[in-house]
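I have placed the structure first, in the form of structure tokens, so that the comments after it can refer back to it.
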Amino acid sequence: KAGVTQTPRYLIKTRGQQVTLSCSPISGHRSVSWYQQTPGQGLQFLFEYFSETQRNKGNFPGRFSGRQFSNSRSEMNVSTLELGDSALYLCASSSSTFYEQFFGPGTRLTVL
Amino acid sequence: GESVGLHLPTLSVQEGDNSIINCAYSNSASDYFIWYKQESGKGPQFIIDIRSNMDKRQGQRVTVLLNKTVKHLSLQIAATQPGDSAVYFCAEIDNYGQNFVFGPGTRLSVLP
């Protein structure tokens with residue numbers, strides 16, 4: 001089975017721009033979660049989607065949003081980028097819930 | 001590879017020795033705990049999990065111990081190998097499966 005894939009792997013943007021990151025889960029997995037990883041804050045949960053519905057949400061501002069498509073692929077959008085949004089954004093998929101999540105390699109976002 | 005954490009606590013062990021990585025969790029309502037391993041340039045990889053109704057669980061070369069009284073979790077790695085060098089995270093999930101929190105991580109360095 002192919003693992004979780006994320007595109008692009010690296011991205012450079014400037015402040016004020018917006019960005020869209022993509023995640024393709026493992027085939028058959030319906031839950032997709034997004035995380036932000038920074039040296040200062042560590043790994044933080046952004047949100048989880050299951051069957052095209054946001055089921056859980058972390059404590060991030062509304063600039064961070066996501067969606068899930070009928071094929072379980074998910075996108076995450078960050079609007080009005082700030083320098084502090086520079087991070088590794090990780091996507092994880094599982095068959096049903098947070099349990100037994102499989103992580104992708106991440107997208108490294110740099111905001112200049 | 002990606003910089004997971006610049007100021008993580010580091011544990012250095014000699015190859016072949018046993019390693020013990022500790023984690024304090026915060027939520028007494030947490031019901032499920034997971035240990036992840038993250039190598040440079042990769043997403044976190046599931047190692048082992050344990051539910052709150054257990055105090056010990058063993059896998060291949062790894063053992064997780066849970067002490068609910070003091071809200072402490074540990075990961076023991078037997079006969080540590082160079083390939084074990086990575087950052088290790090604990091994660092906790094509350095009993096509603098809705099609050100997923102990662103610990104700050106510990107960098108394990110295996111010395112030849």
Side-chain angles (χ1 to χ4, degrees), chain A residues 2-11 21 23-26 29 31-50 53-60 76 86-110, chain B residues 1-10 21-27 29-54 57 59 62 64 73 86-107:
Chain A
V4 177
T5 57
Q6 292 187 245
T7 57
R9 290 294 311 276
Y10 301 91
L11 204 50
L21 312 181
C23 172
S24 292
I26 291 172
H29 283 187
S31 169
V32 174
S33 297
W34 287 90
Y35 299 85
Q36 181 194 67
Q37 186 172 35
T38 60
Q41 299 297 319
L43 266 160
Q44 293 184 286
F45 169 68
L46 280 155
F47 30 66
E48 185 223 0
Y49 285 86
F50 183 83
T53 300
Q54 187 180 88
R55 191 162 61 174
N56 292 298
K57 187 177 189 303
N59 190 26
F60 275 79
M76 191 193 90
S86 294
L88 180 68
Y89 289 89
L90 291 158
C91 161
S93 77
S94 65
S95 57
S96 59
T97 66
F98 284 129
Y99 308 107
E100 297 187 38
Q101 294 184 90
F102 293 86
F103 281 81
T107 294
R108 168 66 64 183
L109 172 65
T110 301
Chain B
E2 316 295 353
S3 173
V4 171
L6 298 178
H7 305 293
L8 290 174
T10 299
I21 301 171
N22 296 304
C23 178
Y25 64 92
S26 55
N27 187 357
S30 289
D31 179 58
Y32 180 66
F33 304 88
I34 310 170
W35 279 100
Y36 289 95
K37 171 186 180 184
Q38 187 173 22
E39 296 174 280
S40 182
K42 298 182 180 179
Q45 178 186 4
F46 174 91
I47 301 173
I48 191 168
D49 58 2
I50 188 168
R51 290 204 174 270
S52 60
N53 61 354
M54 303 172 69
R57 189 160 188 229
V62 295
V64 56
L73 196 65
V87 176
Y88 290 81
F89 295 96
C90 65
E92 55 181 303
I93 303 175
D94 68 18
N95 52 7
Y96 299 102
Q98 292 180 343
N99 190 18
F100 190 80
V101 178
F102 278 90
T106 297
R107 188 181 305 279

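Reminder, nothing fancy here: chain letters follow the sequence lines and each chain counts from 1.
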* **Residue Asn53(B) excluded, over 12 heavy atoms near CG under 6.0 Å** => yes
* Are Gln41(A) and Phe102(B) close enough, and set up right, to give a side-chain contact (heavy atoms from CB on, under 4.5 Å), and what steps lead you there? -> CA-CA 10 Å; Gln41(A) 299 297 319; Phe102(B) 278 90; over 6 Å; no
* Say you draw a straight line from NZ of Lys42(B) to CG of Leu90(A); how long is it, rounded to the nearest 0.5 Å? -> 14.0 Å
* **Heavy-atom proximity to chain A below 4.5 Å, by part of Pro104(B)** => neither
* Structure fact -> With sequence neighbours left out, the residues meeting ring pair (Phe, Tyr, Trp, His ring centres under 6.0 Å) with Phe103(A) are Tyr35(A), Tyr36(B)
* Structure fact -> Across all chains, not counting sequence neighbours, the side chain to side chain donor-acceptor pair (under 3.5 Å) partners of Gln54(A) are Tyr49(A)
* **Verdict with reasoning, Val101(B) to Phe45(A), per side-chain contact (heavy atoms from CB on, under 4.5 Å)** => CA-CA 7 Å; Val101(B) 178; Phe45(A) 169 68; over 6 Å; no
* Structure fact -> Interatomic distance, CD@Gln101(A) vs CG@Asp49(B), rounded to 0.5 Å, equals 11.5 Å
